[in-house]
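This report concerns only the one structure given below.
Note that these values count all heavy atoms, side chains included, but never hydrogens, waters or copies made by symmetry. Treat the numbers as computed from the prediction; the structure is a model and nothing was measured.
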Amino acid sequence: MDTLSLPRPGCCKWAEGDAGSYTFPCSNRVEPGVSYCDDHRSIVYIPPEERRRSRSGGMNTSFKRIAA
């Protein structure tokens with residue numbers, strides 16, 4: 001059985017890999033209480049305004065976002 005890999009304390013929790021075998025390649029430091037560095041937060045976080053626009057736009061313009 002593979003050993004469990006966890007992000008280092010105080011580092012970005014951006015995960016890559018398949019179910020059950022994740023790696024945490026980003027070693028950027030984060031503020032206490034924050035899960036992701038600025039670069040990865042911009043990928044994961046969808047502002048409420050953007051969610052509302054995509055729902056009311058008529059056409060389904062859903063974006064696939066990666067969540068960890």
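- Once rounded to the nearest 0.5 Å, the distance linking CZ of R8 with NZ of K13 reads 12.5 Å.
- Partners of T23 according to the side-chain contact (heavy atoms from CB on, under 4.5 Å) rule, which considers only residues two or more places apart in sequence or in another chain, are E16, P25.
- Evaluation of the side-chain contact (heavy atoms from CB on, under 4.5 Å) rule for E31 yields V34 as partners, not counting sequence neighbours.
- Residue R29 comes nearest to P9 through the heavy atom pair NH1-O, 3.3 Å, listed as atom of the first residue, atom of the second, then distance.
- Among residues two or more places apart in sequence or in another chain, the salt bridge (charged side-chain N to carboxylate O under 4.0 Å, His left out) test is passed with D38 by R41.
- To the nearest 0.5 angstrom, C12 atom SG is 9.5 Å from F24 atom CZ.
- W14 CH2 to I43 CD1: the interatomic distance, rounded to the nearest 0.5 Å, is 4.5 Å.
- When the side-chain contact (heavy atoms from CB on, under 4.5 Å) test is applied to D39, the partners found at least two apart in sequence or on another chain are C37.
- Considering only residues two or more places apart in sequence or on other chains, P32 meets the side-chain contact (heavy atoms from CB on, under 4.5 Å) condition with none of them.
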